[in-house]
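In what follows, chains carry the letters A, B, and so on, assigned in the order in which the sequence lines appear, proteins first and then strands, with residues in each chain numbered from 1. Worth saying up front: this structure is predicted, and the values here are computed from it rather than measured.
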There are 2 protein chains.
Amino acid sequence: MQQAKYHSIRDEIRDLIADLQVGDALPPERSLASELGVSRMTLRRAIDELAREGLIVRRQGAGTYVAEPKVSQSLAATSFSQDMRERGMVPTSRTLSLEQLQAGPQLGRRLEISPSERIVRIVRLRLADAAPMAIETLYVPLDLIGPLEPRDLEDGSFYDLLAQKGVVIDHGVQSIEPTVTDEGESEVLDVPLRSPAFLFERATWDADGRAVEFVRSVYRGDRYRLTTELY
Amino acid sequence: MQQAKYHSIRDEIRDLIADLQVGDALPPERSLASELGVSRMTLRRAIDELAREGLIVRRQGAGTYVAEPKVSQSLAATSFSQDMRERGMVPTSRTLSLEQLQAGPQLGRRLEISPSERIVRIVRLRLADAAPMAIETLYVPLDLIGPLEPRDLEDGSFYDLLAQKGVVIDHGVQSIEPTVTDEGESEVLDVPLRSPAFLFERATWDADGRAVEFVRSVYRGDRYRLTTELY
DNA sequence: TGCATGATGTGGTCTATACCTCTAGTGTGT
DNA sequence: ACACACTAGAGGTATAGACCACATCATGCA
């Protein structure tokens, strides 16, 4: 089987939810299962995922209801591409600029490298299902990754590229703050000026302590939400 | 059934993992299921949870292995008081309002309770080193906590109060989004209108599945930042 | 009118079984 | 030695059926 049946069922239910209002009830599991031609267990597996994503809420004895429609990003560190795929969206990327420069004092401090070190700066627009989701500015030491062409980043995953070069991320720090979009960001992300947004900053190193990357990402606040499950 | 069988099985596997080293393989699912006296499907449900928690890693065709110890828990939910203390500041609190009301449809959905249930709503200004840091709106079912007086919350920790009443939080979900402050929030928090801020929403339940609280907090973006360490 | 109660239908759990896909080791032929 | 095919056994998916726990509503009694 190319794709798990519960994945396609999950997507069908997503479509179904799209036609409902927040708070509306989904059909009962037994009906929905026979409608979609799967067993109830398989249907439940699909619904389980949607419930974990927060798209729907189940109430025992009552029914299953449509919840607030928002994209969620787990707080675990994953790449943009992987994150979007896990949510059934198609991640793509458009490279806005790619240039070389010196690290400078600020970046040098963040990555714990010499300010004179040569750096590749890449600005990318990240899209999910073809809709702008985030602007990502990536700083990578030149001697780690070598010269790059925009097409090297076409297939989306920068980490695949790193892995090909034998670079493995060992540890890092990430900070998250709220911000609002400025003129340029608003235009590229297609949101009104000064819309709420997340500002992510991440610095990572490999096992030898060499700086791998510094990333500054601005995520649309209207389509992004961070969620954690607590135990 | 008091507790789901897969929950107790999950805990048994946790104990089993405690005796193993990182990278060790767990017994095959079929053996483990018969050893523990459950069906393989039930066992898998228990293992599913542990895998989601990151305690173990499954590799199709190979086996199930003990994973690297957990990381990046710094974003996990702690109370405001504890959070501030860890940041080296002195937490205090001022109760702005305290009233009873019906849950209503939205809150009912978030807490998975009846919309007609009686709720206590508490609005508190949270301060760190005497400076306003966040506005916290707390919703708690009346029959869980009983009538409250503002002075019940004076010493700051709502969770101590819950513990006194024998209420223990078992699990929950938390979401974080960027927002901007409105007029009232700006005035109370002493920041300019439409300043960037975090909006936290947290719902928690006890082990019996009873809703414990729904909390909506607005944190100043200029003084509060989330950080995670990645490994 | 108001309240208890039971019927109905919902999601929640568990089982037994079957077959698929993938990994890793074995063994054979070259 | 090496390369390859095979295979046993691991996790992954899917089914049908049974029963449980809970919410809701209609019914009927007081």
Participant: If I take atom CD1 in residue B/Ile56 and atom C1' in nucleotide D/dA10, what distance separates them, rounded to the nearest angstrom?
Facilitator: 14 Å

Participant: Please report, rounded to the nearest Å, how far the P atom of D/dA14 is from the CD atom of A/Glu49.
Facilitator: 11 Å

Participant: Output the single nucleotide from D/dG11, C/dC14, D/dC19 whose closest atom is nearest the side chain of B/Arg30.
Facilitator: D/dG11

Participant: If every non-hydrogen atom of B/Leu125 is compared with every non-hydrogen atom of B/Ala134, which pair is closest and at what distance?
Facilitator: CD1-O, 3.4 Å

Participant: Listing time: all N or O pairs from protein to nucleotides 4-9 of chain C that are below 3.5 Å?
Facilitator:
from  : atom 1 : to      : atom 2 : distance (Å)
C/dG9 : N2     : A/Gly61 : O      : 3.1

Participant: State whether A/Tyr6 places a side-chain N or O below 4.0 Å from either non-bridging phosphate oxygen (OP1 or OP2) of D/dA14.
Facilitator: no

Participant: Please determine whether a side-chain nitrogen or oxygen atom of A/Ser39 lies at a distance below 4.0 Å from atom OP1 or OP2 of D/dA16.
Facilitator: no

Participant: So which of B/Arg126, B/Arg121, B/Arg216 actually passes salt bridge (charged side-chain N to carboxylate O under 4.0 Å, His left out) with B/Glu136?
Facilitator: B/Arg126

Participant: How long is the line joining CD1 of A/Ile47 and P of C/dT13, in whole Å?
Facilitator: 13 Å

Participant: Would you say B/Arg45 reaches C/dC14's phosphate, i.e. side-chain N/O to OP1/OP2 under 4.0 Å?
Facilitator: no

Participant: Has B/Arg44 got a side-chain N or O lying under 4.0 Å from the OP1 or OP2 atom of D/dG12?
Facilitator: yes

Participant: For C/dT15, does either OP1 or OP2 sit under 4.0 Å from a side-chain N or O belonging to B/Lys5?
Facilitator: yes

Participant: Are any of B/Thr64's side-chain N or O atoms less than 4.0 Å away from OP1 or OP2 of D/dG11?
Facilitator: yes

Participant: Once you round it to whole Å, what is the distance between C1' of D/dA16 and CZ of A/Arg40?
Facilitator: 12 Å

Participant: Count the heavy atoms belonging to other residues, nucleotides or ligands that lie under 6.0 Å from CZ of B/Arg118, then report whether that count exceeds 12.
Facilitator: yes

Participant: Count the heavy atoms of every other residue, nucleotide or ligand shown that sit under 6.0 Å from CD of B/Glu99, and state whether that count exceeds 12.
Facilitator: yes

Participant: May I ask you to decide if the ring planes of A/Tyr219 and A/Tyr224 are parallel, tilted or perpendicular, using 30° and 60° as cut-offs?
Facilitator: perpendicular

Participant: Is there a donor N/O on one and an acceptor N/O on the other, under 3.5 Å, for the side chain of B/Arg59 and the base of D/dG12?
Facilitator: no

Participant: Let me know, please, whether B/Met41 or B/Pro27 comes out on the 5' side of the other along DNA chain D by nearest nucleotide.
Facilitator: B/Pro27

Participant: Find out whether B/Val38 and B/Tyr6 are in side-chain contact, i.e. whether some heavy atom of one side chain is under 4.5 Å from a heavy atom of the other.
Facilitator: no

Participant: Look at the side-chain N and O atoms of A/Arg58 and state whether any lies under 4.0 Å from the OP1 or OP2 oxygen of C/dG12.
Facilitator: yes

Participant: Quick check for you: among D/dG11, D/dA14, C/dT10, whose closest atom lies nearest to any side-chain atom of B/Glu29?
Facilitator: D/dG11

